[in-house]
Amino acid sequence: MAQQQGQGAGTTTVAMMSRNPSYYYSGEGELSLAVQRQDSLYRDASRAGQHEQAHGEGWARTLRLAFQCFGVLYGDIGTSPLYVYSTTFDGGIRHTDDLLGVLSLIIYSFLLFTIIKYVYIALRANDDGDGGTFALYSLISRHAKVSLVPNQQAEDELHLHISKSSSLRRPSVQRLASTAEERAQWVKDLLENSRPVRISLFLLTILATAMVISDACLTPAISVLSAVGGLKDKAPHLNTEQVVWVTVGILVMLFAVQRFGTDKVGYLFAPVVLLWLLLIGGVGVYNLAAHDVGVLRAFNPKYILDYFRRNGRHGWVSLGGVLLCFTGTEALFADLGCFSIRSIQLSFAFGLVPAVLLAYAGQAAYLRVYPDHVGDAFYASTPQVLFWPTLVLALAASVVGSQAMISCAFATISHSQAMGCFPRVKVVHTSRQYQGQVYIPEINLLLGAAACVVTVAARDTVVIGEAHGICVVLVMLITTLLLTVVMVLVWRVNIGWVLGFACVFASTESVYLTSVLYKFAHGGYIPVAMSAVLMGVMGVWHYVHVRRYKYEMERTVSTERVRELVSRRELQRVPGVGLFYTDLVQGIPPVFPHLIDKIPSIHTVLLFVSVKHLPVPHVDPSERFLFRQVEPQEHKLFRCVARYGYRDRLEDARDFVANLVERLQYYVRDVNLYGAAANNKVSYPSSRCDSMGIPKSASYAERLQLQRARSVAMLHSHSQHQQQPLPQQLGQLLQYSASTGEQQRRSVYAEEMLTPAESFSEMGTMAASGRQLMAVAVKMSLEEMARIEEEQRFIQREMEKGVVFILGESEVVARPHSSLLKKLVVNYAYSFLRRNCRQGDKMLAIPRSQLLKVGMSYEI
């Protein structure tokens, strides 16, 4: 803002400004200047899928993150040579040429799935830097309304319209939609209008999530058990039971160090994995030179055909062992939020790929000479002089290999909880610098216990490997389906590329899936049973969450009812600020009249606060809060939506209140500022969906674009007279505003004309940049300004008197005449989960001395 003392008595000229102008052609064909709305959801959505994160990243940070990648991402893929050949040839090697066929399968499976699909395609389908199946789901939900929770607001619609006004175009010439756009619109309509499709998409997402969590139990078990098994070569007196309990001890230590965070664990484990990769790569080169360098012929894919022709059904079944060579790829994608794409690609191409492929080729060369050693191929092919260093590094690297899936499980659960698909658990952000690095104590305890139980029960890497394979291939197949939707809906690529991608990857992954399902009874049931339990938990939680939200939305308290409640004579106003927490973002929840009836008193300033997670990783703190005032104004009732991304951490209660009250003061200033300018044809709308004479049938994005179009003429006029003195410029702008108002009433959106951080004290500073940023001028009396500041001080004084957090605790039960299944789900399953997960006051870190709970029963 800029402030200029006018010549009239007691008047002040206030100029509203906004940053980041952009140009486009208006309906009359003239070039105009539009003010871009500063909204983090709009900004993040406009970057989705564009992969801009690497551009602002320096090489020092890239190299540092690339180093950490070894300690977090590559342990699982890097330790696969420990057990791939032994699992694939569990019945022995029938023909030495089968080694060439299996090696060729390993090479091209690794190339197809790990390098092409994940490193060079899936990583680019990130949700503003975040990866994984839930990130793909949230990316899709930003371009189509697929969420089952009806909590969308008009502000959220901006993610469907990505900065169209930032490009030069002529609306007078109607542009025909391209085939790709029509196809994307068809997919969007299908997702939004078909409830079965939305439910299927959601179920696929939580199935992949459940499989990833299950895999976080199986990966530590198979990695550590296979490494410890090498002790039998030098200590033959060790039996299987002793090996199993040594493995359990190592697993306990692994899960115990998770509380230190991914950042510290990555730095601790990265040197171990680097040494491991150098070792297995060097041993691979030695075996190639010492035994049979001719195995490099396996780069010819014809040996794959020969292998299947020679082995038939047995070769198809052995694919369940081959797929273990690319386990850990989903963790690589899901843990993207901890790192960057460039750091992953750099460390992957120059560190992991050469070492792993050399290790597989070296073992194949050794087994060509000694096929009877296939049951212990890794340690048998290692030179005796390097056995003990290899064993120590194998133990350390197997522990590291588990870290990738554990970190992936933490990130996935954090995403799903933010989207309302998982019970409340404590999410600890372990790094101030990298917000994607999290630790969940409850989940860590459960994962550790499950890994130990699986190890003791299975006692064999073959059984665990078959279970491990089902998790890997199912997650990959679901990722392929979601990526196909992203290609059509978001990227809008040529249909030929989409069909080629879907056919190649879906068909090959389906072949692998049929192979692992063949041995379902030999261990494949383990992840299926675990995933079924996890899907049940997530499904029950999300179902009741949706039903409860719809119940509240159908019973929203009307404005007239609120006015009647707060106007009661017996209602007492208690000094201080009350924060009434509710999930409802569209209105006043039904528990509010319940509170008035039971306790006829409310605070002097009362805010209905909804904590809402948007389908974006981060929301800028300056754009955190959205406010609406509940009429009449003298009652000081407000509605507030606190918006967070699924990667954002919730502040503690004190910081949250301080930020909220500060933004509320800005909001009060803006409302009164625009209200005081009514005579100048400038009004503050009661809702952002209101507009300046625009038909109500228009979408929010259309209203926003038309509002910008009608405000640009002032800006364009200012650019032609920018050399004139500021008072003269303001006068001309006022004159133009008045003349425009004769033709049509205009509304100015506060969040477009100023950012929340701008205050009256900043007006003088902002005047210096008025040449580029001036939007509208408003004359306001000094008395009005004093009244606004007094209202701001009033809110501050009430906050200093005390803040009380009012938590609406709704007990959800099924209706009396509901089906037996619904009663079991709502009355027992959901009630059990709700009692045993973290309560809302703990999630929000509310001090118990300032907490007031209001209970009410909902029959759904």
Side-chain angles (χ1 to χ4, degrees), residues 71 74-90 215-258 265 268-269 272-273 275-277 279-280 283 321 324-325 327-328 356 359 363 373-406 447-469 523 526:
Y74 302 147
D76 190 8
I77 305 176
T79 54
S80 294
L82 284 168
Y83 46 79
V84 168
Y85 281 111
S86 60
T87 306
T88 304
F89 294 106
D90 56 343
D215 204 10
C217 304
L218 300 175
T219 297
I222 189 174
S223 299
V224 178
L225 186 60
S226 60
V228 175
L231 288 173
K232 289 185 177 181
D233 290 345
K234 295 298 182 180
H237 61 279
L238 284 176
N239 56 36
T240 301
E241 184 176 356
Q242 291 172 328
V243 170
V244 167
W245 285 110
V246 170
T247 302
V248 170
I250 296 175
L251 289 175
V252 170
M253 290 188 292
L254 168 65
F255 284 95
V257 302
Q258 294 303 313
V265 171
L268 176 65
F269 288 161
V272 175
V273 178
L275 288 175
W276 168 256
L277 293 177
L279 175 65
I280 63 175
V283 171
L324 295 177
C325 72
T327 58
V356 170
Q363 289 185 48
H373 295 172
V374 68
D376 189 25
F378 179 80
Y379 287 108
S381 63
T382 303
Q384 290 299 311
V385 68
L386 294 176
F387 177 83
W388 286 109
T390 302
L391 177 64
V392 173
L393 279 177
L395 288 171
S398 62
V399 171
V400 179
S402 309
Q403 180 63 42
M405 288 309 305
I406 296 172
L447 289 179
C452 294
V453 169
V454 168
T455 302
V456 173
R459 306 167 68 89
D460 190 355
T461 58
V462 176
V463 175
I464 302 177
E466 292 167 354
H468 190 31
I526 297 176

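Treat the numbers as computed from the prediction; the structure is a model and nothing was measured.
The main-chain N or O of Tyr85 is never found under 3.5 Å from a side-chain atom of Gln363 such that the two would form a donor-acceptor pair.
With sequence neighbours excluded, the residues satisfying side-chain hydrogen bond (donor to acceptor under 3.5 Å, both in side chains) with Ser80 are Thr327. For Thr219, the side-chain hydrogen bond (donor to acceptor under 3.5 Å, both in side chains) test picks out Asp215, with sequence neighbours left out. Judged as a side-chain hydrogen bond (donor to acceptor under 3.5 Å, both in side chains), and not counting sequence neighbours, Glu241 has no contacts. Not counting sequence neighbours, the partners of Tyr379 by the ring pair (Phe, Tyr, Trp, His ring centres under 6.0 Å) test are Phe387. For the ring pair (Phe, Tyr, Trp, His ring centres under 6.0 Å) test, residues two or more places apart in sequence or in another chain that qualify with Phe378 are Trp276.
One finds the NE2 atom of His468 at 10.0 Å from the OG1 atom of Thr87 (value rounded to the nearest 0.5 Å). We find the CG-CG distance between Leu391 and Leu386 to be 12.0 Å, quoted to the nearest 0.5 Å. Distance check: Leu218 CG to Leu447 CG gives 10.5 Å after rounding to the nearest 0.5 Å. Atom CG of Leu324 and atom CD1 of Ile464 lie 11.5 Å apart (nearest 0.5 Å). With rounding to the nearest 0.5 angstrom, the CG atom of Leu254 is 12.0 Å from the OG1 atom of Thr247. How far SG of Cys217 is from CD1 of Ile406: 9.0 Å, rounded to the nearest 0.5 Å.
Nearest heavy-atom pair, Val283 versus Thr382, reported as atom, atom and distance to 0.1 Å: CG1-CA, 4.3 Å. A pairwise comparison of heavy atoms in Gly375 and Ser86 identifies O-CB, 3.7 Å as the closest pair. Considering every non-hydrogen atom in both Thr79 and Ser223, the closest pair reads OG1-OG, 4.1 Å. Closest approach of Thr88 to Gly321, counting heavy atoms only: OG1-C, 3.2 Å. Considering every non-hydrogen atom in both Gly78 and Pro81, the closest pair reads O-CD, 3.3 Å. Here the shortest heavy-atom pairing between Leu82 and Ala227 reads CD1-CB, 4.4 Å.
The closest side-chain heavy-atom distance from Cys452 to Phe255 is not below 4.5 Å. Counting only heavy atoms from C-beta outward, the side chains of Leu279 and Pro389 never approach each other to under 4.5 Å.
Among residues at least two apart or in separate chains, there is no side chain to side chain donor-acceptor pair (under 3.5 Å) pair with a member in residues 447-460.
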